[in-house]
Asker: 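Structure provided below as structure tokens; questions to follow.
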Amino acid sequence: MLTQQLLNGITLGATYALIALGYTMVYGIIQLINFAHGEIYMVGAFIGVLMVSVFHQGLLISLCAAMAFCMIMGVAIERVAYRPLRRSTRLAPLISAIGVSIFLQTLMTKIEGPQAVAFPHVINDSLYHMGAIEISKIQLIILVVSSLLMLGLHFIVKYVKIGKAMRAASEDYDTAALMGINVNRVISFTFAIGSALAAAGGVLVGMYFNSVAPLMGVLAGLKAFCAAVLGGIGSIPGAMLGGLFLGVAETLGVAGGFDLYKDAIAFTMLIVVLLFRPTGLLGRPIQRKV
Amino acid sequence: MNMDSIFSMFLNDYYIQVLIMLGIYLIGALGLNLISGVTGQLSFGHAAFLSIGAYTSAILSLRLHLPFPMVLLAGGFMAALWGVLLGYPTLRLTGDYLGIATLGFGEIVRVVFLNLSITGGALGLSGIPRYTTLTLVIVLVVLTVWAMYRLENSRFGRALVAIREDEIAAEAMGVNITTSKITAFAIGTFLAGISGGLYAHLIQYLNPQDFGFQKSFDFLTFVVLGGLGSIPGVILGTTVLTLAPEFLRFVAEYRMMVYGALMVIMMIFRPRGLLGGVKLTRLLSRRKVQNTGTSAAGGAN
């Protein structure tokens, strides 16, 4: 029973991790909490629905289309709402991000209506039994797709030149610029990748829970953000760990009888972890400059 | 004698309602300005303290039928108590991490109120008596603005500004950082509680969903748009943003979309807020002050 719950938790956690990666990468480079990220995830889910129901595409094509669309959208949002504010106070881009998220939520409510939309039937779900635990085809797809995406991200960040530039920019933005790195390009690239991962998360979650709604990004975004902070914001492995941790904690919490308080579990864990490790599980301590 | 009957001679009920809401938001926003604008501590959970104040005063009114001033103060003190309880451990966290912890606290409070029986759960509380009047709100706003000015120009207020500008330097100059931060947090959350109590006794109905993190961000926007740390800025920002959705009714369905876009545009053109770095007293005394620029720019780093 416990292993079954663990498996469900990991499935949920994998989707949190996908969204959390976008928060953590953006924060790592420009120290901005991108509150519009949850809305990118929501738009991704809707693109998935559109591809399946209107264009009758399979899951893979729909997933890729959602990722591509959100990639462009993420870069565009950064260009319009964050780049002009690069050198202003810390709170200005934050407010701008909130503005973008209100804009996208109401735009989507206008287009799709406020009610949740059912995710169209795209694969035949079946259950596989492995000893005592059973895993559904959808869960398997979520686990495989998100691990592949995270491996891909790891590969880009570790071995590709632009990934190296991302790491340099997150280490020290100004020095990276002085060393000849085109930081604007790096930031656009970071937004592109983060948004693509969030879109994939949106499609997978939409399929898993069979429901997509204009306001779905709010709570999911906050929880994923919690996951990023739990793991240590700015750290890519931290976001993955934080996501899985939260997913498992939430599933176990619900199984343990705290289902009414489901949405508070993530935030309680967050505050408790921050009290003992103020920069998250894998975060580096902040240096106080005197 | 009765000011409210005089108001209702000149204004219709809709205008009075909007003005009262504006006053209620002003009190809450001035509280947040003390925490975020003056002291430089990021707080994303302001709505939680509003809801604590609102529920406390509403429950006291409904169950014990206590007089209004008493329940209002009780709501304020209850919010301040939770402000201190949350502030004590979390104010050690710096900058964004404090913001995140308060964001988490806000969501926890919402979920707890959604599940307690005394708060009516998801159904909310209804039948709260309507005590909030325009006269009372105006008096309280004037009182709050006056108190904030006194506070800002006091020794304690200058200590808070010193903390915002450079925590380590402030500590070296003998400012007790923890006590000052917690006191500022307590005063700010007290005002939030008062604001919540007034809200409860105006709308007469409370629902936990009204105090989500979106509401916290509304308050943050009021303060940042006007100009962090500037009292005239907070008043202007709150007024503009409270009235904007009312004026935008002619675009009815696209109202919130326009509102979101306006937030982005305003930040791009006035990233430090409408009155960022502007001090009314300095404007009035017409002294040329060259470097007011840095004071608000460093806020909440």
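Quick caveat, the model's predicted, so the values are computed rather than measured. Just so you know, these numbers use all the heavy atoms, side chains as well, and skip hydrogens, waters and symmetry mates. Throughout, protein chains are lettered first and strands after them, A, B, ... in sequence-line order, and every chain is numbered starting at 1.
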Asker: For the CZ atom of A:Phe267 and the CZ atom of B:Arg110, what is their distance to the nearest 0.5 Å?
Answerer: 8.0 Å
Asker: Check each atom of A:Leu85 against the heavy atoms of chain B and say whether the ones under 4.5 Å are side chain, backbone, both or neither.
Answerer: side chain
Asker: Do the ring planes of B:Phe44 and A:Phe35 sit parallel (below 30°), tilted (30 to 60°) or perpendicular (above 60°)?
Answerer: perpendicular
Asker: Determine whether the aromatic ring centres of residues A:Phe103 and B:Tyr259 are separated by less than 6.0 angstrom.
Answerer: no
Asker: Heavy atom to heavy atom, less than 4.5 Å: which residues from residues 227-246 of chain A reach chain B?
Answerer: A:Val229, A:Ile233
Asker: So A:Leu219 and B:Glu107, do their side chains get closer than 4.5 Å, heavy atoms only?
Answerer: yes
Asker: Heavy atoms, side chains only, cut-off 4.5 Å: are B:Val223 and A:Leu91 in contact?
Answerer: no
Asker: Tell me the closest heavy-atom pair linking A:Pro84 and B:Ile268, and the distance in Å.
Answerer: CB-CG2, 4.0 Å
Asker: Of all the heavy-atom pairs spanning A:Leu94 and B:Leu220, show the shortest one and how long it is.
Answerer: CD2-CD2, 4.3 Å
Asker: I'd like to check A:Ile102 versus B:Phe217 (side-chain heavy atoms, cut-off strictly below 4.5 Å). Are they in contact?
Answerer: no
Asker: Supply the atom-to-atom distance B:Met266 CE to A:Ser96 OG, rounded to the nearest 0.5 angstrom.
Answerer: 12.0 Å
Asker: More than 12 foreign heavy atoms under 6.0 Å from CE of B:Met78: is that the case here?
Answerer: no
Asker: Under 4.5 Å between any side-chain heavy atoms of A:Tyr261 and B:Val112, yes or no?
Answerer: yes
Asker: Considering only heavy atoms, give the residues of residues 15-28 of chain A separated from chain B by less than 4.5 Å, sorted numerically, with 'none' for an empty result.
Answerer: A:Tyr27
Asker: side-chain contact (heavy atoms from CB on, under 4.5 Å), that's the test. Do A:Phe225 and B:Ile100 meet it? Break it down for me.
Answerer: CA-CA 9 Å; A:Phe225 175 59; B:Ile100 295 154; 3.5 Å; yes
Asker: Among B:Leu103, B:Val111, B:Ile265, B:Leu262, which residue forms the greatest number of heavy-atom pairs with chain A at distances under 4.5 Å?
Answerer: B:Val111
Asker: Count the heavy-atom pairs under 4.5 Å between each of A:Thr268, A:Leu270, A:Ile33, A:Leu222 and chain B, then report the option with the highest count.
Answerer: A:Leu222
Asker: Taking all non-hydrogen atoms of both residues, which atom of B:Gly104 and which atom of A:Ile271 are closest, and how far apart?
Answerer: C-CD1, 4.2 Å
Asker: So, using side-chain hydrogen bond (donor to acceptor under 3.5 Å, both in side chains) as the criterion, who are the partners of A:Asp263 when residues are at least two apart?
Answerer: A:Lys223
Asker: Under 3.5 Å, side-chain donor or acceptor atoms of residues 233-240 of chain B against the rest of the protein: list the pairs with distances, not counting sequence neighbours.
Answerer:
from	atom 1	to	atom 2	distance (Å)
B:Thr238	OG1	B:Val234	O	2.6
B:Thr239	OG1	B:Ile235	O	2.5

Asker: Step by step, work out the side-chain contact (heavy atoms from CB on, under 4.5 Å) result for A:Val100 and B:Met263.
Answerer: CA-CA 8 Å; A:Val100 172; B:Met263 277 165 74; over 6 Å; no
